[in-house]
Amino acid sequence: MPANALWDSGSTLSLITKKLARSLHLKGKIIFLSIDTVGSQQSFESTQYTIPVQDVAGEIVDIVVVEVEKNSSQINQIDKSVIDRFFPG
């Protein structure tokens with residue numbers, strides 16, 4: 001089944017939505033996960049999968065992914081003036 005993916009070489013964790021994992025009929029192992037996000041920390045039971053993906057060159061690479069309900073959350077408004085102090089001009 002074709003699916004879009006974001007290749008982020010700076011990421012420390014690869015995620016897959018529960019909906020996509022179910023539609024791909026993936027089999028995985030139960031893990032306990034703690035994720036720090038912008039503005040919060042979440043700890044929960046999840047499932048870890050190893051899935052083969054094909055890159056644009058046609059090479060197959062195994063990727064370890066962790067299941068989440070959704071891959072984004074509401075970001076609270078921040079005070080931009082705090083950031084401006086670090087990046088003047």
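Quick note: numbers below take in every heavy atom, side chains included, and nothing from hydrogens, waters or symmetry partners. Only a predicted model underlies this, so the values are computations on that prediction, with no experimental measurement involved.
Remark: Lys29 pairs with no residue by the salt bridge (Lys or Arg N to Asp or Glu O under 4.0 Å) rule, at least two apart or across chains. By the side-chain contact (heavy atoms from CB on, under 4.5 Å) test, Ser46 is found to be paired with Ile31, Leu33, Phe44, Val66, Glu67, residues two or more places apart in sequence or in another chain being considered. Residues forming a side-chain contact (heavy atoms from CB on, under 4.5 Å) with Asp79 (at least two apart in sequence, or on another chain): Ser81, Val82. For the salt bridge (Lys or Arg N to Asp or Glu O under 4.0 Å) test, no residue two or more places apart in sequence or in another chain qualifies with Asp36. For Ser34, the side-chain contact (heavy atoms from CB on, under 4.5 Å) partners two or more places apart in sequence, or in a different chain, are Gln41, Ser43. In this structure, Arg85 has no salt bridge (Lys or Arg N to Asp or Glu O under 4.0 Å) partners at least two apart in sequence or on a different chain. The salt bridge (Lys or Arg N to Asp or Glu O under 4.0 Å) test applied to Lys18 returns Glu69, not counting sequence neighbours.
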Assess whether side-chain contact (heavy atoms from CB on, under 4.5 Å) is satisfied between Gln48 and Val65, documenting all intermediate values.
CA-CA 6 Å; Gln48 178 179 302; Val65 298; over 6 Å; no
Listing, residues 55-62 side-chain donor-acceptor contacts under 3.5 Å, not counting sequence neighbours, or none:
| unit_1 | atom_1 | unit_2 | atom_2 | d |
| --- | --- | --- | --- | --- |
| Asp55 | OD1 | Ala57 | N | 3.0 |
| Asp55 | OD1 | Gly58 | N | 3.1 |
| Asp55 | OD1 | Glu59 | N | 2.8 |

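Two residues are said to be in side-chain contact when any heavy atoms from C-beta on lie closer than 4.5 Å; Leu24 and Ile51 fail this criterion. Between Tyr49 and Val64 the shortest side-chain heavy-atom distance does not fall below 4.5 Å.
Of the options Ile63, Asp8, Val53, a side chain to side chain contact (heavy atoms under 4.5 Å, CB included) to Ser14 is made by Ile63 and by none of the others.
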